[in-house]
Amino acid sequence: MCGRFALRTPTLQMLEIFNLVEMPALAPRYNIAPTQLVICIRSVAEDPKSREVVQMKWGLIPFWAKDIAIGNQMINARAETVAEKPAFRAAFAKRRCLIPADGFLEWQKLSTGKKQPWLMEMAEQQPFAMAGLWEYWTPKGDSTAKPVVSCSIITTSANEDMSVLHDRMPVILPIEAWATWLSPTANATQCTALLKSLENGQLTKTCVSTKVNRPFPDNAQCLQPVDPPEPLTKPMAEEG
DNA sequence: CCAGACGTTGTT
DNA sequence: GTCTGG
DNA sequence: CCAGACGTTGTT
DNA sequence: GTCTGG
């Protein structure tokens, strides 16, 4: 799954990789947590072939939600059901986005009960694009309020690289898939076909400081490599 | 008809 | 907004 | 995802 | 144990 990630890539490199005209200069992020603002890339409404960067609240608030806090539980959407679930289907049909990252975190449960974070990265810390959805929400009865724009990260079954840590992982879209995913006119079949787990052999795992366990602070020390306190072993299969 | 849910993960 | 359950 | 709170009344 | 907030 994906409940925490990092984006440290400099702005200039982001512009090139994601083919963006402009984006706000952003400080490197080492510890991006749910409910915070995250960077999303979406197609421009008036010109769907071009892309824009928008900051959105992580945790998709369905447009019909009565309470903004519902978004706190919508940080991920399952690829298997995203097209049908009431909370996500409208966004899946029309409001898809890329959520760039250059690392995401998964926690290993130690025999002591403590939680050991591992940082998953691509070769040379290259940034990648997670498949996302976005939505806008306005508190009911308050027409003066600005809509809240929020997003969710789609998950799928874990590949072999990930399976020692979890049975789910974020959908990472290869560059060839970006245009289709962002196209507001792509159909559901095309989009669903893109929601696969990443090919094995691309993700590295680095054991990092437990400083990243707390949603605050957000600094380089959070991702400082450390020696693994216990080896990573595949969890035993459930007994039958 | 109205009321109430609408989600994922992990753990048991 | 839309579906499910009562 | 993890961490931290989890409550009310009355008084300042 | 379970919910809320970041």
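Just so we're on the same page: letters track the sequence lines, and every chain starts at 1.
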Rounded distance in Å between the P positions of B:dG7 and D:dG7: 27 Å

Residue among A:Gln116, A:Lys115, A:Arg4 satisfying side-chain contact (heavy atoms from CB on, under 4.5 Å) with A:Asn213: A:Lys115

Proximity to the side chain of A:Ala87 - top-ranked nucleotide from B:dC6, B:dT9, D:dC1: B:dC6

Distance between P atoms of B:dT12 and D:dC2 (Å, rounded): 14 Å

Length of the NZ-C1' vector between A:Lys66 and C:dT2, whole Å: 11 Å

Nucleotide nearest A:Arg168 (side chain, heavy atoms from C-beta), chosen from D:dC2, B:dT9, B:dT8: B:dT9

Touch class at under 4.0 angstrom, heavy-atom based, for A:Trp64 against every strand present: base

Among B:dT9, D:dC1, C:dT2, the nucleotide that comes nearest once only the side chain of A:Arg89 is considered: C:dT2

Rounded distance in Å - CZ (A:Phe104) to C1' (B:dT8): 16 Å

A:Asp167, nearest nucleotide to its side chain (from B:dT8, D:dC1, B:dG10): B:dG10

N/O donor-acceptor pair under 3.5 Å between A:Gln190 side chain and A:Asn187 backbone: yes

Among D:dC1, B:dG7, B:dG10, the nucleotide that comes nearest once only the side chain of A:His166 is considered: B:dG10

Nearest-Å distance for atom pair CG/P, residues A:Asn213 and D:dG4: 10 Å

Expected output: side-chain A:Asn31 to main-chain A:Arg214 donor-acceptor under 3.5 Å: yes

Nearest-Å distance for atom pair CZ/C1', residues A:Phe92 and B:dC6: 18 Å

Sugar-phosphate only, base, or nothing, as touched by A:Pro62 at under 4.0 Å among non-hydrogen atoms: nothing

A:Arg78 side chain near B:dT9 phosphate (N/O to OP1/OP2, under 4.0 Å): yes

Nearest-Å distance for atom pair CH2/P, residues A:Trp58 and E:dG5: 17 Å

Exceeds 12 heavy-atom contacts within 6.0 angstrom, atom NZ of A:Lys205: yes

Runs of at least three Watson-Crick or G-U pairs with DNA chain D, cut-off 3.5 Å: D:1-6 with E:1-6

Inter-nucleotide C1' distance (B:dT9, D:dC1), Å rounded: 9 Å

Nearest-Å distance for atom pair CD/P, residues A:Gln36 and D:dC1: 16 Å

P-based separation of C:dT2 from B:dG10 [nearest Å]: 33 Å

Contact under 4.0 Å: A:Lys85 side-chain N or O vs B:dC6 OP1/OP2: no

Rounded distance (Å) that lies between atom P of E:dC3 and atom CG of A:Asp67: 14 Å

Minimum-distance nucleotide (side-chain atoms of A:Asn72 versus B:dT11, E:dG5, B:dG7): E:dG5

Sugar-phosphate, base or nothing in reach of A:Ile70, heavy atoms under 4.0 Å: nothing

Under-4.0 Å side-chain N/O to phosphate OP1/OP2 contact, A:Thr155 with B:dT9: yes

P atoms of B:dG4 and E:dG5, separation to the nearest Å: 23 Å

Any A:Ser152 side-chain N or O less than 4.0 Å from OP1/OP2 of B:dT8: no

Euclidean distance for P, E:dC3 against B:dA5 (whole angstrom): 13 Å

A:Arg96 side chain vs A:Trp181 backbone, donor-acceptor pair below 3.5 Å: yes

Protein-nucleotide distance (A:Asn31, atom CG; D:dC2, atom P), rounded to Å: 12 Å

Closest listed nucleotide, where the reference is the side chain of A:Pro215 and the choices are B:dG7, B:dT9, D:dA3: D:dA3

Main-chain N/O of A:Met74 paired to A:Ser152 side chain as donor or acceptor, under 3.5 Å: yes

Sugar-phosphate, base or nothing in reach of A:Phe5, heavy atoms under 4.0 Å: nothing

Under 3.5 Å: donor-acceptor pair, side chain of A:Arg168, backbone of A:Thr155: yes

Nearest listed nucleotide, side chain of A:Arg4, among D:dC1, B:dT8, C:dC3: D:dC1

Six-ring centre of A:Trp134, A:Arg42 cation under 6.0 angstrom, axis tolerance 45°: yes

Trace of the side chain to side chain contact (heavy atoms under 4.5 Å, CB included) decision for A:Leu105 with A:Leu223: CA-CA 10 Å; A:Leu105 291 143; A:Leu223 301 182; 4.2 Å; yes

